[in-house]
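The next block holds one structure in the form of structure tokens; read it before the comments.
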Amino acid sequence: MAYETILSETVDGVLTLTLNRPDVLNAVTDTMLAELQDALRSAERNAAVRCIVLTGAGRGFCAGQDLNARSAAADGRRVSVGEHLRHGYNPLVQRIRGIEKPVIAAVNGVAAGAGANLALACDLRIASETASFVQAFVKIGLVPDSGGTVFLPMLVGYAKAAELAFTGDRIGAEESLRLGLVNQVVPAAALMQTTHALATRLAALPTRAIGLTKRAFNRAMMPNLDAILDYEADMQELASRTTDHTEGVAAFLEKRVPTFTGH
Ligand code: LHQ
């Protein structure tokens, strides 16, 4: 399959997938979701791929759902937010967690909304000094999705997770390291080299053992991930019907400060 929105390259047993819509900080479209699924499905079956790296082109890692794409389809053809998650984002998160090979996010820049939580779904995160994380959902009247309600508190503890999710504050690379959100911070120029050094090292280790370790961690840490993802979709559907959501998206697209009413 030829891809439009991602780049795919395999070197030394390491598959690197690069989100490639740099003009919008690699915001996610339905095409990108389908292409990531396809690439990961192939990687799952391909014994020559023994480690996977996810990164972004340009100055962003991923800005989450493309808000223009959803708004542009606001003529009735648009699927509900809950369905969008159930059919697009949730299967992708399940694939990242389910693939029995290490998945490393090389976080090159801002990771926002579902983009942040896709990074958190990966096994390891190496951040550039220019990386940042934003649970941007609240700024458009939504709730964390794509597994964020389990990955975030698992990594940083409930109090900090609640703070980040409720405020939508953006945190930089050093703060992310301090909180345990990322494994390592490196200068921007060294990001891909450092990530590839780790990825090729992992790719040369016993892949089956690593895969079974990941399966066991999944069982120990998030045995009900499928139900959690489904519940997030329910909560997101409720949140998406509020006027605060409509106002938040309109304000973002019109580049103005939103006025929220609590409804
Ligand atoms: C964007 C976006 C974007 C389009 C930047 N879309 N253009 C799932 C299912 C269904 C429905 C809803 O949601 C979900 C899950 C989600 O992911 S919800 C969360 C969606 N994401 C956001 O709300 C994040 C929105 N973006 C931002 O808050 C900022 O852009 C961040 C904090 C990511 C970066 O800020 P800056 O570094 O100041 O960059 P910028 O805002 O200037 O963005 C650069 C360009 O990218 C800009 O376009 P322009 O034409 O002015 O250069 C933005 O409009 C565009 N862009 N994110 N999600």
Side-chain angles (χ1 to χ4, degrees), residues 5 19-34 36-37 56-74 77-94 107-121 127-149 151-152 164-173 175-176 188 228-242 244-258 260:
T5 62
L19 308 178
N20 193 28
R21 303 185 70 228
D23 293 350
V24 286
L25 306 175
N26 306 312
V28 177
T29 58
D30 289 352
T31 304
M32 185 185 279
L33 288 170
L36 284 169
Q37 270 291 0
R59 77 172 175 91
F61 174 76
C62 177
Q65 169 63 34
D66 187 319
L67 297 173
N68 272 307
R70 273 198 71 85
S71 168
R77 286 180 295 113
R78 185 176 75 164
V79 297
S80 77
V81 168
E83 288 311 293
H84 197 169
L85 288 171
R86 282 195 182 87
H87 296 293
Y89 289 84
N90 291 359
L92 179 59
V93 169
Q94 285 162 321
V107 187
N108 54 301
V110 63
N117 293 340
L118 286 180
L120 301 190
S128 131
E129 284 169 352
T130 55
S132 58
F133 289 85
V134 199
Q135 292 291 321
F137 307 93
V138 70
K139 295 182 176 177
I140 55 167
L142 291 181
V143 306
D145 59 28
S146 304
T149 62
F151 303 138
L152 191 64
L164 295 174
F166 293 173
T167 62
D169 284 349
R170 186 170 178 165
I171 54 168
E175 169 95 5
S176 304
I228 289 166
L229 290 169
D230 207 46
Y231 199 70
E232 286 179 349
D234 285 347
M235 295 305 104
Q236 201 68 297
E237 181 59 36
L238 293 177
S240 75
R241 293 180 191 172
T242 62
D244 281 346
H245 171 57
T246 309
E247 164 65 3
V249 173
F252 176 76
L253 295 175
E254 292 161 20
K255 299 186 187 295
R256 61 171 173 81
V257 177
F260 294 124

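In what follows, every heavy atom counts, from backbone to side chain, and hydrogens, waters and symmetry copies are set aside. Counting starts at 1 for both ligands and their atoms, in listed order. Numbers for residues simply follow the sequence, beginning at 1.
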Open item on the list: Do Leu120 and Leu152 have side chains that approach each other closer than 4.5 Å (heavy atoms only, starting at C-beta)?
Closed with: yes
Open item on the list: Taking distance alone, with N or O pairs closer than 3.5 Å, would you say Gln236 contacts ligand 1?
Closed with: no
Open item on the list: Heavy-atom contact check, 4.0 Å cutoff: does His84 meet ligand 1?
Closed with: yes
Task: Verify atom 18 (S) of ligand 1: protein non-hydrogen atom under 4.0 angstrom away - done: yes
Task: Residue list, side-chain hydrogen bond (donor to acceptor under 3.5 Å, both in side chains) with His245, at least two apart or on another chain - done: none
Task: Lys255 neighbourhood, listing ligand 1 atoms whose heavy-atom distance to it stays under 4.0 Å - done: 49 (P), 51 (O), 54 (O)
Task: Side-chain (Asn117) to main-chain (Asp145) donor-acceptor, under 3.5 angstrom - done: yes
Task: Polar contact flag for Leu67 and ligand 1 (N/O pairs, less than 3.5 Å) - done: yes
Task: Under-4.0 Å protein heavy-atom contact, atom 52 (O) of ligand 1 - done: no
- [ ] Identify, by atom number and element, the atoms of ligand 1 in contact range of Phe137, meaning under 4.0 Å from any of its heavy atoms.
- [x] 15 (C), 16 (C), 18 (S)
Open item on the list: On a heavy-atom basis, I'd like to know which of Leu253, Asn68, Asp145, Leu142 is closest to atom 12 (C) of ligand 1.
Closed with: Leu142
Task: Nearest protein heavy atom with distance in Å, relative to atom 34 (C) of ligand 1 - done: Leu25 CD1, 3.6 Å
Task: ligand 1 to Ala114 polar contact by distance, N or O atoms, under 3.5 Å - done: yes
Task: Point-to-point distance, once rounded to the nearest 0.5 Å, from CG of Asn68 to OG1 of Thr29 - done: 12.0 Å
TODO: Report the member of Ala239, Ala69, Ala63 with the shortest heavy-atom distance to atom 22 (C) of ligand 1.
DONE: Ala63
Open item on the list: Salt bridge or not between Glu175 and Arg170? Use side-chain N to carboxylate O under 4.0 Å.
Closed with: no
Open item on the list: Quick test: of every protein heavy atom, which one is nearest to atom 11 (C) of ligand 1, and how far off is it to 0.1 Å?
Closed with: Arg70 CD, 3.2 Å
Open item on the list: Tell me if a side-chain donor or acceptor on Glu232 pairs with a main-chain N or O of Ser146 at a distance below 3.5 Å.
Closed with: yes
Open item on the list: Keeping Asn26 on the side-chain end and Gly60 on the backbone end, is there a donor-acceptor pair under 3.5 Å?
Closed with: yes
Task: Closest to atom 3 (C) of ligand 1 (judged by heavy-atom distance), picking from Gln65, Glu232, Arg59 - done: Gln65
Task: Pairwise side-chain contact, Leu85 with Leu229, heavy-atom cut-off 4.5 Å (strictly under) - done: no
TODO: Do me a favour and list the nearest non-hydrogen protein atom to atom 33 (C) of ligand 1 with residue, atom name and distance?
DONE: Ala112 CB, 3.7 Å
- [ ] Please could you name the atoms of ligand 1 that Leu85 approaches to less than 4.0 Å, counting only its heavy atoms?
- [x] 8 (C), 9 (C)
Open item on the list: Yes or no: does Asp23 have any heavy atom under 4.0 Å from an atom of ligand 1?
Closed with: yes
Task: Any donor-acceptor pair under 3.5 Å from Arg21 side chain to Thr5 backbone - done: no
TODO: Output the list of atoms in ligand 1 that are nearer than 4.0 Å to some heavy atom of Gly64, sorted by atom number.
DONE: 17 (O)
TODO: Answer yes or no: is there a side-chain heavy-atom contact under 4.5 Å between Asp30 and His84?
DONE: yes
TODO: Using a strict 4.0 Å threshold on nitrogen-to-oxygen distance, state whether Asp169 and Lys139 make a salt bridge.
DONE: no
Open item on the list: Side chain, backbone, both or neither: which applies to Arg170 and ligand 1 if a contact is any heavy-atom pair less than 4.0 Å apart?
Closed with: side chain
- [ ] Below 4.0 angstrom from a heavy atom of Asp66, which ligand 1 atoms are there? Numbered from 1 as shown, please.
- [x] 4 (C), 6 (N)
Task: Expected output: side-chain Thr130 to main-chain Asn108 donor-acceptor under 3.5 Å - done: yes
- [ ] Quick one: look up the protein heavy atom nearest atom 41 (O) of ligand 1 and list residue, atom name and how far away it is.
- [x] Phe252 CE1, 4.5 Å
Open item on the list: Keeping Gln236 on the side-chain end and Leu142 on the backbone end, is there a donor-acceptor pair under 3.5 Å?
Closed with: no
TODO: Provide, to 0.1 Å, the distance between atom 55 (C) of ligand 1 and the closest protein heavy atom, together with that atom's residue and name.
DONE: Val24 CA, 4.0 Å
